[in-house]
Amino acid sequence: MNDCSPTLGAIYAKWQEKGLFDCHPESDKPAFSIVIPPPNVTGNLHIGHALNYSLQDAICRYKRMKGFDVLWQPGTDHAGIATQMVVERMLAKEGVSRHDLGREKFLEKVWEWKAQSGGQIVNQLKHLGCSCDWRRERFTMDEGLSAAVRKVFVKMYKDGLIYRDKRLVNWDPKLQTAISDLEVVQKETVGKMWYFKYPLEGDASKFIMVGTTRPETLFGDTAVAVSDQDERYKDFVGKNVLIPIINKPIPVVTDEHADPEKGTGAVKITPAHDFNDFEVGKRHNLPLVNLLTKEAKLNENVPEKYRGMSPLEARPIVLEDIKALGLYDHEEDNPMTIPYGDRSDVIIEPWLTDQWFVDTSKLVGAAVDAVQKGDTKFIPDSWENMYYSWMENIQPWCISRQLWWGHQVPVWYGPDGKIFCEETEEEAKAAAEKHYGAATELTRDTDVLDTWFSSGLWAFSTLGWPNENDEHLKKYYPTSVLITGFDIIFFWVARMMMMSMYAMKQVPFKKIHLHGLVRDEKGQKMSKSKGNGIDPLEMCNKYGADALRFSLLIQEGSGRSVLMSEARVENYRNFTTKIWNAVRFCEMNECKKVEGFDLASVKLPVNKWIITKLSEAADTIAKWLDTYAFNEASNALYHFMWNTFCDWYLEAIKNIFYSDDEGAKAETRAVVAAVVDEMLKLVHPFMPFVSEELWDKTADRKEMLMETAWPALNAYEDKAVAENQDWIFNLVTTVRSVRSSVNIPAAAKITLKIKDATDAQHQNVESNAAILKSLAKVEDIQFVTETGAGEVAQVVDGMTLLIPLAGLIDVAKEKERITKDLQNVQAFVERTKAQLANAAFVSKAPEQVVADKRKALADSEQDIAKMQEVLKLLGA
RNA sequence: GGGCGAUUAGCUCAGCUGGUUAGAGCAUAUGCUUUACACGCAUAGGGUCUGCGGUUCGAAUCCGUAAUCGCCCACCA
């Protein structure tokens, strides 16, 4: 916590020292809890993390201010594959492989690494301002969390939900482990389809032609399948054909898998190397011939000349050999997808092994029901459909990994292979003794679990489970909301739902807010290879964490992508600077906090106006944050702060500060100080550092900004006064606009004449004369009954504004300007008249709509008359 | 092949249950060295709301359809 900014570091340290991040299970405040999506312990903060954590921090800070007892539960994930790879790479530099060390020593090295350089990301989170309860930091390999893993595994095993099976799995030959379906990414390529002949056994003149994308697997063929509807191959069914090269006879079988429409209608069946063929093999009791080693090299089941080659190396040689035999027919280009490992980026092979599976089909029911009942709500809810459809088509989850780093499967085998699944070795031994009638030597299963298995328990394992009496578990579970990226909805969200419904009989979180991906300015995914990444820490250093956070927050809505570029961060850095300068201005004008000042005593309309606007902004921002619409909330804050507070309010009160009305000055100073205080509270969830720093700078405080309550100012709102004030500001804009369009020099003071003002308008202008004069650069305001020559005119709200220009007026231009204006209003009047003449509209539309139209029509007609009057004077 | 989402100003997006003379930020133009801020202030220009059809007194908003783009899932002998 130093390379961001010493000041920010100090503020962060102070929050932490005061215990402001801590949860208080003993308090009677209502709970609000979030578990962090645990970053990999190997991780470095990237921009996607920055988005995810900024959202959570904003919500947590806001909820604290709203009176909740907040727990933001932090921690890291042991990240089986990633971590093992990191440590292996480190060892490789010393010329050591993990196999040189052996499992136990290697795991020691991993823990050493973790102690020294693991979890850097936790410190990086602090740079962002994350207000996690760090006392409660957890790691998925902690003893408590590991106990949770063992307990759930054993329970699932005993409930028949976890089983061991020999079947085809996705095998990663680089990492040499099985991986789950989700960890396989399909890449589009244009491959080839090769066609060649399988001669009929005993009659080489007859043959079946097959097409295949993987000719090198023919050594593992154990049948050729055709459709029972396919006349072409009727005579072959039940007979044998010979595998080219090795001349091994295999049967021709009929199977639904063979589609007469595709290829030649005949399929070679390689049950040990293709998922579909595996199923065909099962239906026909075909033998399984495994051709690959765990490195995915051809093994002893292929002729010697091919052994040790990779499938891709063997393929052209096999094809040459088929050609040499005269069995080759032709080839075609074939668009296809090839499976790759998401971590290793090598081709994944279906491979026959013993693995552990979760029978997810038995878990999905409760997980789906919970969402259908609304116990967990998706935000945005469009994700629910995707969740349902994935759940409905769920496949068994392969949870075993042939790695060393991870939760070792709590399974021991007896000498006869009997399985003892228990939470501890002692229990397993006891069970074995009972089973065999004597103490028996057991060997432990060497597999570890898929990292997502432990992540699936994260929402309750971090809160103390399996200790059901843990006060944190009791108070904070189910958690209030999970905030995470939609990309891990299946990996994590769905699994958490299943695991939680199974182990806890409760949902893990009541809401789930799914946010989009961070992309570059052009909407492209950020990647190292493209070099279009944005480093969040660099942005923090250059522009401050607040600017980075805000540029992320203001874009996050409806789960859409968040586009990032340095220019955007820079842009919102300007916003932090603006706040800084505004507060500085207030200080310079001696706006000091007045103890005991009662906002209800405020008299000046402009002050009542800002208080009303502030109150409205507090409610609006709260409303949006409550619905996780971070973009809307951020926009509301930006608009209030910059537009309402700086551009209007501070400009409007300058004339008070420069006047000698001490009473008005005193009231305004007190109001400014109070408004700044409340405004900083609104800023705080979004930009905690700058707001806290200004809070500290502007007064002697008993409490830090972070621990203050969210503004509740509805009692001080005065909507009527605020509306009048809005009208005055609109009038200012109108005058400025006229000035600009007739090129009155910016610095020139003008006289403003107002004709046909109503009493209310007159009064409003009178009481805001000073503001009007200073903001519109008006020297003198006069209420008149006649228009004079040489005056620029503008009709607004039934009044005619007149600005004498001492003969400088360009009559032709004036006519054009007013005529254009007039035409717009006339067009509106025509439309509205037509609408009101429509009997169907008048009878069917709501009364209020019709009344509003009538009023607008009348007003516009009045304005038209005044414009025509002006034009007449111009000599039209 | 199945599903989902998007299409509104030059760019990025608001516009919730149909009634606004369709908004914001950025960018652009013009004018401002106004004693908080040029990382600023003021003003302005800019949109037949992707096309077509329908429902309705009334459609950016609802329905259908087409096109384009994006994403997810499945399959590809």
Side-chain angles (χ1 to χ4, degrees), chain A residues 186 191 193 195 210-214 217 224-225 257-259 262-270 274-277 280 334-337 380 382-383 385-386 389-390 393 486-487 489-490 516-517 521-523 543 547 554-555 557-563 565 567-568 570-589 627 629 631-632 635 638-639 642-643 646-647 650-651 654 658 732-733 736-741 743-747 774-777 824-825 827-829 831-832 835 838-846 848-850 852-853 856 860:
Chain A
Q186 304 288 342
M193 174 88 85
Y195 291 87
V210 301
T212 179
T213 55
R214 302 203 60 182
T217 63
V224 169
H257 174 57
D259 181 348
K262 286 188 188 166
T264 63
V267 198
K268 68 194 262 313
I269 301 299
T270 322
D274 181 283
F275 290 103
N276 284 312
D277 292 3
V280 177
N334 184 42
M336 56 194 287
T337 55
S382 51
W383 293 109
N385 284 333
M386 195 172 284
S389 73
W390 189 72
N393 299 306
F486 70 83
D487 51 322
I489 185 166
F490 304 139
L517 253 46
E521 192 66 357
K522 293 176 198 130
Y543 305 104
I554 201 165
Q555 282 196 79
S558 307
R560 70 174 59 249
S561 294
V562 170
L563 306 191
S565 65
R568 282 182 194 252
E570 195 182 347
N571 188 232
Y572 292 109
R573 184 275 318 267
N574 295 352
F575 182 45
T576 62
T577 309
K578 184 75 181 179
I579 298 174
W580 190 269
N581 282 320
V583 172
R584 197 157 63 100
F585 169 81
C586 300
E587 278 185 299
M588 287 168 64
N589 286 285
T627 52
N631 55 342
E632 299 287 1
N635 262 315
Y638 189 91
H639 182 259
W642 202 307
N643 208 251
C646 291
D647 291 344
L650 292 186
E651 294 305 321
K654 277 179 181 172
Y658 303 153
V732 169
T733 301
R736 283 169 172 173
S737 180
V738 174
R739 291 179 59 121
S740 169
S741 63
N743 296 321
I744 295 173
S774 70
L775 294 187
K777 296 246 167 51
N824 281 337
V825 183
F828 173 72
V829 165
R831 264 200 312 277
T832 311
Q835 209 171 6
N838 183 343
F841 170 70
V842 178
S843 63
K844 292 191 181 176
Q848 190 57 50
V849 172
V850 178
D852 288 350
K853 286 281 176 197
S860 296

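Only this structure's heavy atoms are used, side chains among them; waters, hydrogens and symmetry mates stay out. In what follows, chains are A, B, ... by sequence order, proteins preceding strands, each numbered from 1.
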**OP:** Map A:Phe490 and A:Tyr638 onto RNA chain B by nearest heavy atom, then report which one ends up closer to the 5' terminus.
**Re:**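 Mapping each residue to its closest nucleotide by heavy atoms, the 5'-most match is A:Tyr638.
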**OP:** Tell me which of A:Val583 and A:Gln555 sits closer to the 5' end of RNA chain B, going by the nucleotide each one is nearest to.
**Re:**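 This one resolves to A:Gln555.
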What contact category does [X] fall into here, base, sugar-phosphate, or nothing, at under 4.0 angstrom with non-hydrogen atoms?
{"X": "A:Arg573", "value": "base"}
{"X": "A:Thr733", "value": "sugar-phosphate"}
{"X": "A:Arg568", "value": "sugar-phosphate"}
{"X": "A:Pro335", "value": "base"}
{"X": "A:Thr577", "value": "base"}
{"X": "A:Arg739", "value": "nothing"}
{"X": "A:Cys586", "value": "nothing"}
{"X": "A:Lys844", "value": "base"}
{"X": "A:Phe575", "value": "nothing"}
{"X": "A:Lys654", "value": "base"}
{"X": "A:Tyr658", "value": "sugar-phosphate"}
{"X": "A:Asp852", "value": "nothing"}
{"X": "A:Asn824", "value": "nothing"}
{"X": "A:Thr264", "value": "nothing"}

Closest to the [X] side chain, choosing from [options]:
{"X": "A:Ser737", "options": "B:rG19, B:rA36, B:rA44", "result": "B:rA44"}
{"X": "A:Met588", "options": "B:rU34, B:rG19, B:rA36", "result": "B:rA36"}
{"X": "A:Phe585", "options": "B:rA36, B:rC32, B:rU12", "result": "B:rA36"}
{"X": "A:Asn571", "options": "B:rC26, B:rG19, B:rA36", "result": "B:rC26"}

In whole angstrom, give me the gap between the [atom1] atoms of [N] and [M].
{"N": "B:rG54", "M": "B:rG70", "atom1": "C1'", "value": "28 Å"}
{"N": "B:rC52", "M": "B:rU61", "atom1": "P", "value": "12 Å"}
{"N": "B:rC49", "M": "B:rU20", "atom1": "P", "value": "15 Å"}
{"N": "B:rG53", "M": "B:rG1", "atom1": "P", "value": "28 Å"}
{"N": "B:rA42", "M": "B:rU50", "atom1": "P", "value": "32 Å"}
{"N": "B:rG64", "M": "B:rG10", "atom1": "C1'", "value": "33 Å"}
{"N": "B:rC16", "M": "B:rC62", "atom1": "P", "value": "8 Å"}
{"N": "B:rA36", "M": "B:rG31", "atom1": "P", "value": "25 Å"}

To the nearest Å, how far apart are [X] [atom1] and [N] [atom2]?
{"X": "A:Arg736", "N": "B:rC41", "atom1": "CZ", "atom2": "C1'", "answer": "8 Å"}
{"X": "A:Asn574", "N": "B:rA36", "atom1": "CG", "atom2": "P", "answer": "19 Å"}
{"X": "A:Asn635", "N": "B:rA24", "atom1": "CG", "atom2": "C1'", "answer": "7 Å"}
{"X": "A:Glu632", "N": "B:rG23", "atom1": "CD", "atom2": "P", "answer": "16 Å"}
{"X": "A:Asp647", "N": "B:rC37", "atom1": "CG", "atom2": "P", "answer": "14 Å"}
{"X": "A:Ile579", "N": "B:rG40", "atom1": "CD1", "atom2": "P", "answer": "13 Å"}
{"X": "A:Ile554", "N": "B:rC11", "atom1": "CD1", "atom2": "C1'", "answer": "16 Å"}
{"X": "A:Asn385", "N": "B:rA6", "atom1": "CG", "atom2": "C1'", "answer": "16 Å"}

Original post:
Taking only residues two or more places apart in sequence or in another chain, which ones pass side chain to side chain donor-acceptor pair (under 3.5 Å) with A:Asn334?
Top reply: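 Once residues adjacent in sequence are excluded, A:Asn334 has no partner under the side chain to side chain donor-acceptor pair (under 3.5 Å) criterion.
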Subject >> Heavy-atom donor-acceptor pair, A:Glu651 side-chain to B:rA42 base, under 3.5 Å >> reply: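 When only heavy-atom distances are counted, A:Glu651 does not reach the base of B:rA42 through any donor-acceptor pair under 3.5 Å.
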Original post:
What about A:Lys578: does its side chain form a donor-acceptor pair under 3.5 Å with the base of B:rC39?
Top reply: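 Under the 3.5 Å cut-off, the side chain and the base do not form any donor-acceptor pair.
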Subject >> Heavy-atom check, side chain of A:Phe841 versus side chain of A:Lys853, under 4.5 Å >> reply: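 A side-chain contact under 4.5 Å exists here.
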Hey, is the side chain of [X] poking within less than 4.0 Å of OP1 or OP2 on [N], counting only N and O atoms?
{"X": "A:Trp390", "N": "B:rG3", "result": "no"}
{"X": "A:Lys853", "N": "B:rU20", "result": "yes"}
{"X": "A:Ser860", "N": "B:rU21", "result": "no"}

Tell me the closest heavy-atom pair linking [X] and [Y], and the distance in Å.
{"X": "A:Ile554", "Y": "A:Asn635", "value": "CD1-OD1, 3.8 Å"}
{"X": "A:Ala258", "Y": "A:Ala225", "value": "CB-O, 3.7 Å"}
{"X": "A:Ile269", "Y": "A:Val280", "value": "CD1-CG1, 4.0 Å"}

Original post:
Of A:Val825, A:Asn824, A:Thr832, which meets side-chain contact (heavy atoms from CB on, under 4.5 Å) against A:Ser860?
Top reply: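 So the option named by the test is A:Val825.
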Original post:
Are A:Lys578 and A:Tyr638 in a cation-pi setup, meaning NZ or CZ lies under 6.0 angstrom from the ring centre and within 45 degrees of the ring axis?
Top reply: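 Not satisfied by the 6.0 Å and 45° rule.
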**OP:** Could you walk me through whether A:Arg214 and A:Lys268 pass the side chain to side chain contact (heavy atoms under 4.5 Å, CB included) test, one step at a time?
**Re:** CA-CA 10 Å; A:Arg214 302 203 60 182; A:Lys268 68 194 262 313; 5.5 Å; no
**OP:** Evaluate whether the aromatic ring of A:Phe828 and the six-membered ring of the B:rU21 base sit under 5.5 Å apart, centre to centre, with an inclination under 30°.
**Re:**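 Yes.
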**OP:** Classify the side-chain pair A:Asp852/A:Gln848 by whether it contains a donor and acceptor separated by less than 3.5 Å.
**Re:**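 Note: A:Asp852 and A:Gln848 side chains meet the donor-acceptor criterion.
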Subject >> Distance-only side-chain donor-acceptor flag, A:Asn581 / A:Arg584, under 3.5 Å >> reply: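 Per modelled atom types, A:Asn581 and A:Arg584 side chains form a pair under 3.5 Å.
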Subject >> From A:Thr577 atom OG1 to A:Tyr543 atom OH, the distance as rounded to the nearest 0.5 Å >> reply: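 Going from the OG1 atom of A:Thr577 to the OH atom of A:Tyr543 covers 11.5 Å.
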**OP:** Give RNA chain B the dot-bracket treatment, 5' to 3': Watson-Crick (N1-N3 with N6-O4 or O6-N4) or G-U (N1-O2, O6-N3) under 3.5 Å, [ ] crossing, | other strand.
**Re:** (((((((..((((.....[...)))).(((((.......))))).....(((((..]....))))))))))))....
